[in-house]
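Okay, so here's the structure we're looking at.
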Number of protein chains: 2
Amino acid sequence: MVVTTRRRPGLGTNQELARRHNLGTVLRHVHGAGQISRAELTGRMGLNRSTIAALVNELEALGITERALPAEGIPRQGAGRPSAGVRIAEDGPFVIAVDLGVDRAVVARIGLGGRVLQRSQAPVRSDGEAWQVGAAVAGLIRCVVEGVPDAAQLVGIGISVPGLVRNSDGLIRLAPNLEWHDVSFGGIVLAALGLDVPVSIANDADLGALAEHVRGVAVGVDDLIYVSGNVGVGAGVIAGGVRLEGAGGYAGEVGHLRFNPAGRECHCGNRGCWETEVGAHAIAEAIHCPSDKVAQLDEVLAGFGEPSPAVRATGTALGHGLADIVNVFNPRQVVLGGYFRSLYALVGPEVEAALADRALPAPLESVTLTLPGLGSDSSLLGAAEIALEPLFVDPVAALGTALVGVGTRLAG
Amino acid sequence: MVVTTRRRPGLGTNQELARRHNLGTVLRHVHGAGQISRAELTGRMGLNRSTIAALVNELEALGITERALPAEGIPRQGAGRPSAGVRIAEDGPFVIAVDLGVDRAVVARIGLGGRVLQRSQAPVRSDGEAWQVGAAVAGLIRCVVEGVPDAAQLVGIGISVPGLVRNSDGLIRLAPNLEWHDVSFGGIVLAALGLDVPVSIANDADLGALAEHVRGVAVGVDDLIYVSGNVGVGAGVIAGGVRLEGAGGYAGEVGHLRFNPAGRECHCGNRGCWETEVGAHAIAEAIHCPSDKVAQLDEVLAGFGEPSPAVRATGTALGHGLADIVNVFNPRQVVLGGYFRSLYALVGPEVEAALADRALPAPLESVTLTLPGLGSDSSLLGAAEIALEPLFVDPVAALGTALVGVGTRLAG
DNA sequence: CGCCGTTCCGTGACGCGGACAACAAATTCT
DNA sequence: AGAATTTGTTGTCCGCGTCACGGAACGGCG
């Protein structure tokens with residue numbers, strides 16, 4: 001796993017800061033690999049054995065990691081004393097991840113290492129008020145923390161939302177499919193739970209990109225784009241190993257790229273946005289899918305056999321739009337999420353051909369088009385990642401704000 | 001000045017690394033401010049006074065900075081002993097910046113702090129072979145290092161090129177207006193000089209963005225886009241305080257965004273790229289400018305009085321394209337460079353109106369449209385910045401690869 | 001004009017984190 | 001089974017940043 005951390009600009013490096021960074025980086029490696037040997041850690045981090053040992057001991061003292069048998073996992077290569085492993089502790093810290101979809105909400109309890117410990121979901125009415133959805137999500141959360149050992153610490157809650165989220169405070173500026181404007185969903189959920197823990201909220205495509213980068217198909221790829229077809233079309237961008245957020249957190253809104261000025265009207269007020277050609281409603285129309293099944297477009301497309309000319313044309317439109325994205329961002333990998341997964345399975349060649357036709361040679365030659373490695377869980381796991389993030393920046397501080405005994409607290 | 005530095009992924013922070021980072025950061029502050037007091041440094045970097053003192057002493061011992069009188073500069077506010085200043089040393093390290101335009105090359109000797117010490121330029125034939133241009137640039141460089149004190153050290157050469165530059169090795173993949181393909185211009189210049197110093201090459205729009213971010217109109221703005229109209233149209237992106245490069249270094253190629261599928265053919269092979277509407281040739285045609293003056297379009301436009309309807313339409317097309325850019329990148333500032341400067345001066349209201357019409361409300365509300373603060377020198381100063389960059393990462397190492405006595409060496 | 005408060009510089013003592021060396025332990029290769 | 005190799009552990013040292021103290025320069029005030 002490679003997530004480049006970014007420094008605040010002009011600040012110097014205090015040696016205490018350096019230590020916190022090192023502690024967090026060790027944890028990041030354990031998180032990424034699930035289990036890792038101390039020898040591997042010394043190699044990857046470029047620090048001395050004894051330094052690594054001290055850091056690992058501190059993590060163990062904090063109850064985050066535990067010793068593992070050396071032989072476990074890889075069979076071993078070469079001679080020498082086998083290195084003792086470091087792995088995530090049972091009953092270690094965990095987060096709650098929420099994936100708010102257009103027609104259902106998924107909630108999971110996820111531990112370090114990305115392990116889904118418990119999981120629950122429920123349908124959500126797309127015309128529901130925010131507080132109703134919040135109450136439903138709170139119910140799922142209560143369900144998911146049932147029976148959690150009291151020692152385990154809740155680090156935070158991460159929420160994936162199909163809409164524009166302001167990064168400064170997590171306000172949902174606009175979620176078209178939920179018909180929400182300026183909703184402080186984090187506060188609503190916390191109020192419904194009666195808790196106070198850190199809440200991180202972000203756009204679903206951004207989180208999909210993050211998850212695919214950390215544990216999906218794009219591990220080791222520092223420049224990737226996750227293009228997600230939900231009802232709307234959005235993209236999440238990882239550039240140089242870091243999430244591209246933009247000034248307000250709205251970067252990656254590719255759905256309203258100018259595609260065909262003579263096209264049909266878009267709900268944004270313009271004409272011929274890309275979304276009017278490859279959005280769910282446009283595709284549903286092209287395949288004569290009833291409008292109440294638009295939210296399940298992925299399943300509908302997955303049931304298709306031979307693609308009709310209309311579907312082929314949609315694939316071409318997808319590829320042409322991707323060409324713009326490839327030209328502008330020059331990613332190494334483009335991951336197609338949401339219903340684009342089954343669309344690509346149907347008309348992959350058309351998409352590739354259209355992309356190759358319109359993209360510039362230089363950015364085209366290094367890009368690959370792939371499906372997500374995490375299936376439909378990308379956004380959920382991405383929500384877990386942003387909730388875990390404070391732990392990698394400063395484990396001690398993050399555990400300081402964490403909550404213990406959440407199971408009994410929410411039950412009683 | 002704020003340039004966020006990025007860490008390599010999983011590496012731990014050696015305490016030697018921390019010290020180098022701190023030393024470089026001090027220098028970065030001095031570079032940004034020109035002159036700065038030690039007290040200011042302690043405040044900005046959050047380190048102890050004595051730590052700052054040690055770092056400043058080391059920079060002085062290296063001959064990079066020197067003590068300045070306290071009273072100089074700001075009149076002082078509040079009582080107390082005035083803080084001794086730190087400023088860039090005379091005869092300190094310098095770089096050579098090259099701005100390769102479509103019809104002329106500008107070469108400057110630039111010191112730390114962004115001071116242009118010497119400067120020279122010459123016309124360049126747009127159909128020239130790369131080695132001819134390289135020889136001309138080498139001549140300008142010889143001219144610019146004339147009379148340099150032997151003690152001053154040449155840190156590197158930075159080159160700005162109107163084209164696609166591969167970031168891994170600085171190869172110019174494509175420079176349409178120079179008709180270059182896969183040219184290793186850095187090597188050509190070094191060979192013509194008979195020197196061996198670090199050479200950094202990058203796209204002119206990228207460097208314009210960097211320069212405006214460091215010392216231009218976008219100081220303190222971490223998310224900005226410099227949209228440059230030269231003969232082609234390109235953009236440089238700073239996101240989160242860091243240059244957005246993309247996998248190969250080609251990010252920001254906005255000239256070939258799909259604009260009007262029914263439009264005219266573009267030299268890239270597609271139809272209706274944005275460049276066919278707001279590129280130099282399109283504008284020249286709209287204002288009936290003779291084709292041999294296309295390279296001087298900026299001056300031609302600056303001489304205009306009342307804009308004609310055709311020019312107004314061009315402004316609208318510019319604004320519509322900028323809307324796509326604002327939606328996708330969500331910048332806080334968009335800087336219009338090249339001939340877009342005089343175009344904006346003519347039809348600013350049309351550009352703003354078209355942008356407001358097509359951009360999404362959320363990203364629109366935080367963006368401002370401005371002209372460059374460095375005029376036509378943005379790219380040149382950006383070239384100096386990338387050449388200076390190693391000095392801020394590790395001053396000691398950068399001075400190790402620097403050259404002394406360049407003046408006599410190139411003269412003899 | 002002289003005193004005082006303020007702010008800053010310089011120096012030395014201290015604490016801490018990381019590197020290094022030496023030794024013990026565990027496993028593979030021959 | 002012994003040699004070789006690699007790792008974990010411990011103790012020591014060194015470098016770096018912080019803290020505390022004294023001295024210095026300046027403005028304000030009487």
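Side-chain atoms are counted along with the backbone in the values below, which use heavy atoms only and exclude waters and symmetry mates. Lettering follows sequence order; numbering is per chain, from 1. Model, not experiment: these values are computed from the prediction.
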- prompt: Would you call A:R166 and A:E245 a salt bridge, taking side-chain N to carboxylate O under 4.0 Å as the test?
  reply: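 Salt bridge absent between A:R166 and A:E245.
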Please produce a list of atom pairs where a protein N or O lies less than 3.5 Å from an N or O of nucleotides 22-24 of chain D.
residue, atom, partner, partner atom, Å
D:dG23, N2, B:R81, NH1, 2.8

- prompt: Want to settle it: does A:L55 or B:N57 sit nearer the 5' end of DNA chain C, counting the closest nucleotide to each?
  reply: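 Taking each residue's closest nucleotide, the earlier one in sequence belongs to B:N57.
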- request: Under the side chain to side chain contact (heavy atoms under 4.5 Å, CB included) rule, collect the residues that match up with A:V404, sequence neighbours excluded.
  value: A:Q153
[X] has an atom [atom1]; how far is it from atom [atom2] of [N], in whole Å?
X	N	atom1	atom2	answer
B:E58	D:dC16	CD	P	8 Å
A:R20	C:dG17	CZ	P	11 Å
A:E60	D:dT9	CD	P	9 Å
A:R38	D:dT10	CZ	C1'	13 Å
A:L41	D:dT7	CG	C1'	13 Å
A:R67	C:dA26	CZ	C1'	13 Å
A:N22	C:dG17	CG	C1'	10 Å
B:I52	D:dC16	CD1	C1'	13 Å

query: When rounded to the nearest 0.5 angstrom, what is the spacing between CG in B:D222 and NE2 in B:H213?
result: 5.5 Å
field: Short side-chain donor-acceptor distance under 3.5 Å, A:H31 and A:E385
entry: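 Result is yes, a qualifying pair exists.
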message: Once side chain to side chain donor-acceptor pair (under 3.5 Å) is applied, do any residues pair with B:S50, and if so which ones, sequence neighbours excluded?
response: B:N48
message: Counting only side-chain nitrogens and oxygens, does B:N48 get under 4.0 Å of the OP1 or OP2 atom of D:dC19?
response: yes
- prompt: So, does the side chain of B:S50 form a donor-acceptor pair with the base of C:dC9 at under 3.5 Å?
  reply: no
field: Where A:H29 and A:L41 come nearest, the two heavy atoms and their spacing
entry: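 Closest heavy-atom pair between A:H29 and A:L41: CB-CD2, 3.7 Å.
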